[in-house]
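One-based numbering, in listed order, for ligands and for the atoms of each. Please read all numbers here as calculations on a predicted model, not as lab measurements.
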Amino acid sequence: MAVTRTFSIIKPDATRRNLTGAVTKMLEDAGLRVVASKRIHMTREQAEGFYAVHKERPFFGELVEFMTSGPVVVQVLEGEDAVKRNRDVMGATNPKDAEDGTIRKTFAESIEANSVHGSDSEENARIEIDYFFKPEEIVG
Ligand code: GDP
Ligand code: MG
């Protein structure tokens, strides 16, 4: 299996509860390496652009509101089959459906405040990494 990259966000519900380290440890324990990381407070424009694919969904406004409600930590993760590996350790979108031992089962507050984002395909990973990082900010 090839070493690839994915894009992750530690969401405002997790930074608010000081869980940046705990979430990152679970990512690292799952075999992912943090090759870029920064703490930012997303602007409304940034959040709307990032979640543009969800524009027509009924929760879009709330989602943008939530993602701009506090700081987030955006990260590039590297590892074997990184996109799937990350999605596996994140768990299902709704923490009620997430398996034991996953980040969302362990930490998420709700289907919206679910602690982490992770890219859902390698193509989207490339787009999302480019959205937040310059090439020189990624150190593999
Ligand atoms: P993900 O890929 O597992 O993060 O899930 P989606 O791409 O389907 O949704 C993006 C994000 O929107 C989720 O991680 C949640 O933060 C939020 N979200 C998804 N479904 C709902 C919902 O039914 N209600 C609300 N309020 N937020 C949701
Ligand atoms: Mg998604």
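Residue Arg126 holds its CZ atom at 10.5 Å from OG1 of Thr6, rounded to the nearest 0.5 Å.
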Determine, stepwise, if the pair Lys84 / Asp88 fulfils salt bridge (Lys or Arg N to Asp or Glu O under 4.0 Å). CA-CA 6 Å; Lys84 181 176 187 304; Asp88 286 350; 2.7 Å; yes

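Residue contacts with ligand 1 leave out Met67, since none of its heavy atoms falls under 4.0 Å from the ligand.
For ligand 1, the atoms closer than 4.0 angstrom to any heavy atom of Asn114 are 13 (C), 14 (O), 15 (C), 16 (O). Of all atoms in ligand 1, numbered sequentially from 1 with element shown, those under 4.0 Å from a heavy atom of Arg57 are 8 (O). With ligand atoms numbered from 1 in the order given, ligand 1 contributes 26 (N) to contacts under 4.0 Å with heavy atoms of Glu62.
Within a 6.0 Å radius of CG in Asp29, more than 12 heavy atoms belonging to other residues, nucleotides or ligands are found. Around atom CD of Glu28, more than 12 heavy atoms belonging to other residues, nucleotides or ligands sit under 6.0 Å away. Residue Arg17 qualifies as enclosed at atom CZ: its count of foreign heavy atoms under 6.0 Å is above 12. Atom CD of Glu136 has more than 12 neighbouring heavy atoms from other residues, nucleotides or ligands inside a 6.0 Å radius.
The nearest non-hydrogen atom to atom 21 (C) of ligand 1, considering only Phe59, Phe60, Tyr51, comes from Phe59.
The side chain of Arg87, and not its backbone, has at least one atom closer than 4.0 Å to an atom of ligand 1 (non-hydrogen atoms only; side chain from C-beta on). Under 4.0 angstrom from ligand 1, the non-hydrogen atoms of Ile111 come from both its backbone and its side chain. When heavy-atom distances to ligand 1 are checked against a 4.0 Å cut-off, Met90 has no atom that comes that close, whether in backbone or side chain.
The protein atom (non-hydrogen) at minimum distance from atom 16 (O) of ligand 1 is Glu112 O, 2.8 Å. Remark: minimum distance from atom 10 (C) of ligand 1 to any protein heavy atom is reached at His54 NE2, 3.6 Å. Considering only non-hydrogen protein atoms, atom 3 (O) of ligand 1 sits nearest to Thr93 OG1, 2.5 Å.
Both tests pass for Lys38 against the ring of Phe133: distance under 6.0 Å to the centre and angle within 45° of the axis.
Both Phe59 and Phe50 are members of a single hydrophobic cluster when ILVMFWY side chains are connected at heavy-atom separations under 4.5 Å.
Polar contact with ligand 1: present for Arg104 (N/O pair, distance under 3.5 Å). For ligand 1, the polar-atom distance check against His117 finds no nitrogen or oxygen pair separated by under 3.5 Å.
By the 4.0 Å N-to-carboxylate-O rule, Glu122 lies too far from Arg5 to be salt-bridged with it.
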